[in-house]
Colleague: 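The structure is given below, and queries will be raised subsequently.
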Amino acid sequence: MSDQNIIWQPQPKQVAFMQRPEFECLYGGAAGGGKSDALVVEALRQVHIPHYKGLILRKTYPQLTELIDKSLLIYPRAIPGARYNSTTHTWSFPSGAKIVFGSMNHKQDRINYQGKAYDFIGFDELTHFEYDEYTYLYSRCRPNGPGTRCYVRATTNPGGKGHNWVKNRFITAAPPMTPIVEDVEVTDNNGNVMHIKRDRIFVPATVFDNQKLLDNDPSYIASLGMMPEAEKRALLYGDWDSFSGQVFNEWRNDPKHYDDRLWTHVVNPFPIPDTWPLYRSMDWGYSRPFSVNWFAVAPGGCLYQIRELYGCTGEPNTGVKWTPERCAEEIWEIEHDDPNLRGRTIYGVADSAIFASDSGIPIVEAFEQAGVYFDRASKQRIDGKMQCHYRLAFDEDGHSMFYTFKTCKHFIRCIPSLVYDETNVEDVDTSQEDHNYDSWRYMCMYRTIEPRINIQPDDVEWTPPAEDPLDVMTIDYYTNPYDIVTRK
């Protein structure tokens, strides 16, 4: 081994990533883990096969330059005779194999890859891509000839418009280093049903896994540690609930990180007192999801989300295409079955789109015929967003003016992942899965409150409990509707 000229040598966590057998693998989750190096080198694995073709992607071409620079340092030394064409951004190898560096700045750029096949596809910064862009591209992952292995690899940090779907697909679906196996059912032209296994995995890495970087620049950790709290938690520790560009960075769903009674927005369900008024809000959608959300208002104005109906197929940002009549029937049934809603007066507010008559009979009439009534919602986007901020803000005792039942899983999934629009920097990026946010915003504008400053535990003097003897969180609304207490 001593006489070998080692061009590049993987570190232990990079080895773990490069050895994975699954069809899909996501690597990283924090800054400095050696993600890009591993992706660029992994693409070389099959360049000895003449018909092999690899593809490495970034969202835009300018973002590709760092990856191309890495390849210029490694590829010619690793494979003598390798040649790079700067016009087509393609490496050609003596065997005839190729590696292409590509981008997909807009959804219509997918047609650039239509009809093409790649044995290997690598996405750098996967959260910059939308779900349908990713799934379209990995449908291009197929053999160009016999003897190649076809697979998809990706790297990323938390944040970006794709944060939500990436987190759900790789991070929350299973613990790190745990394979996620899906059974895909396919019916052929003869009606025969086939079951095909597709697997994926998440391999986490942080700067602490990159000893070479730490040896070359010991101060890099300090640079990450000096960043604002959200960026530090995401880039230094790989926290997927806190990241740069996050709209609602007040959001907390980790009470055990502080005190089991304070600084959280997610609580266990509880019976709603008869004296609390009830509300229903809706953001209508057909090809995109619709969101119906039910709320109760406690004495003092604190808002509790107690139920949701979310019209999503299971694929990110894809609607179930229910008719207004079907949606209205479902709402009616929920309000007659749910013990917190049954027999109660419920005030409704909805997206003004359902009142429009441009295409014939307004959608709202279908709801009214089913006994489901709505007022027209305020569509002031920035004012509405600020009302959501005021609701989420904590006071010095760790109480907010908004809580959601933990059963509202789509709301809990989507709200903390929302990012700002790159052009309209004061508003939420509407290309995301923002439908339950819009519904919630309508409700917040229906019951506005005064501005509130967000206070976190680090800003006040308080003493967390020495131990945690409690096992269930609920609301003791008979003593104080804001206090989160515990019951055995």
Side-chain angles (χ1 to χ4, degrees), residues 7-8 10 14 17-18 23-28 33-145 148-157 160-162 166 422:
I7 303 301
W8 182 86
Q14 291 171 322
F17 164 63
M18 300 174 79
F23 176 68
E24 300 172 66
C25 180
L26 177 68
Y27 179 56
K35 304 183 296 296
S36 298
D37 283 4
L39 191 69
V40 167
V41 173
E42 179 63 29
L44 283 174
R45 186 181 294 275
Q46 301 181 86
V47 294
H48 61 286
I49 302 175
H51 49 262
Y52 167 77
K53 194 171 184 179
L55 173 65
I56 297 178
L57 286 158
R58 280 296 302 261
K59 186 61 177 172
T60 68
Y61 175 73
Q63 295 170 339
L64 275 173
T65 55
E66 181 181 356
L67 296 177
I68 293 173
D69 288 344
K70 290 180 182 294
S71 74
L72 290 169
L73 289 173
I74 296 173
Y75 286 6
R77 298 169 63 198
I79 312 294
R83 296 289 183 269
Y84 178 66
N85 186 317
S86 61
T87 301
T88 62
H89 316 306
T90 301
W91 280 95
S92 299
F93 298 89
S95 67
K98 297 182 184 298
I99 295 176
V100 180
F101 286 82
S103 61
M104 189 183 291
N105 195 18
H106 305 287
K107 285 189 177 183
Q108 57 266 31
D109 293 340
R110 290 183 298 182
I111 63 174
N112 297 334
Y113 305 96
Q114 187 174 352
K116 297 181 180 179
Y118 300 95
D119 306 273
F120 169 85
I121 298 179
F123 293 82
D124 194 41
E125 293 299 344
L126 184 59
T127 56
H128 292 184
F129 294 84
E130 296 184 34
Y131 176 75
D132 53 356
E133 294 172 335
Y134 176 72
T135 53
Y136 180 84
L137 259 296
Y138 84 57
S139 73
R140 304 296 92 200
C141 189
R142 54 186 181 174
N144 281 287
T148 60
R149 173 191 171 197
C150 295
Y151 60 111
V152 175
R153 293 294 178 261
T155 68
T156 200
N157 294 325
K161 67 171 60 179
V166 173
E422 293 182 358

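For reference, positions follow the sequence shown, starting with 1.
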Colleague: Counting C-beta onward and ignoring hydrogens, is there a side-chain heavy-atom pair between Arg153 and Phe17 closer than 4.5 Å?
Modeller: yes
Colleague: Under 4.5 Å between any side-chain heavy atoms of Leu44 and Ile99, yes or no?
Modeller: yes
Colleague: Side chain of Thr90, backbone of Asn85: donor and acceptor closer than 3.5 Å?
Modeller: no
Colleague: Calculate, to the nearest 0.5 Å, the distance between atoms CG and CZ belonging to Leu137 and Phe129 respectively.
Modeller: 7.5 Å
Colleague: Just wondering, more than 12 heavy atoms not from Arg142 lying within 6.0 Å of its CZ?
Modeller: yes
Colleague: Under 4.5 Å between any side-chain heavy atoms of Trp91 and Phe101, yes or no?
Modeller: yes
Colleague: Going by heavy atoms in the side chains, are Tyr52 and Asn144 under 4.5 Å from each other?
Modeller: no
Colleague: From Asn105 CG over to Gln63 CD, what is the distance, rounded to the nearest 0.5 angstrom?
Modeller: 8.0 Å
Colleague: Assess whether side-chain contact (heavy atoms from CB on, under 4.5 Å) is satisfied between Tyr61 and Ile68, documenting all intermediate values.
Modeller: CA-CA 10 Å; Tyr61 175 73; Ile68 293 173; 4.0 Å; yes
Colleague: Start with the C-alpha distance between His48 and Phe93, add both sets of side-chain angles, then the distance that settles side-chain contact (heavy atoms from CB on, under 4.5 Å), and finish with yes or no.
Modeller: CA-CA 8 Å; His48 61 286; Phe93 298 89; over 6 Å; no
Colleague: Is Asp119 reaching over with its side chain to a backbone N or O of Lys53, donor-acceptor style, under 3.5 angstrom?
Modeller: yes
Colleague: To the nearest 0.5 Å, what is the distance between CD on Glu133 and CG on Leu57?
Modeller: 10.0 Å
Colleague: Do Arg140 and Tyr113 form a cation-pi contact, if we require the NZ or CZ to be under 6.0 Å from the six-membered ring centre and within 45 degrees of the ring's axis?
Modeller: no
Colleague: With sequence neighbours left out, what residues match Tyr134 under ring-ring contact (aromatic ring centres under 6.0 Å, His included)?
Modeller: Phe123, Tyr138, Trp165
Colleague: Taking NZ, NE, NH1 and NH2 as the nitrogens, is one of them in Lys35 or Asp124 under 4.0 Å from a carboxylate oxygen of the other?
Modeller: no
Colleague: Going from OH on Tyr118 to SG on Cys150, what distance comes out if it is rounded to the nearest 0.5 angstrom?
Modeller: 13.0 Å
Colleague: To the nearest 0.5 Å, how far apart are CG in Asn157 and NE2 in His128?
Modeller: 8.0 Å
Colleague: Give a yes-or-no answer on whether the side chains of Tyr27 and Glu42 include a donor-acceptor pair shorter than 3.5 Å.
Modeller: no
Colleague: To the closest 0.5 Å, what do you measure between CD (Glu125) and CG (Leu39)?
Modeller: 10.5 Å
Colleague: Any salt bridge between Lys161 and Glu422, counting N to O under 4.0 Å?
Modeller: no
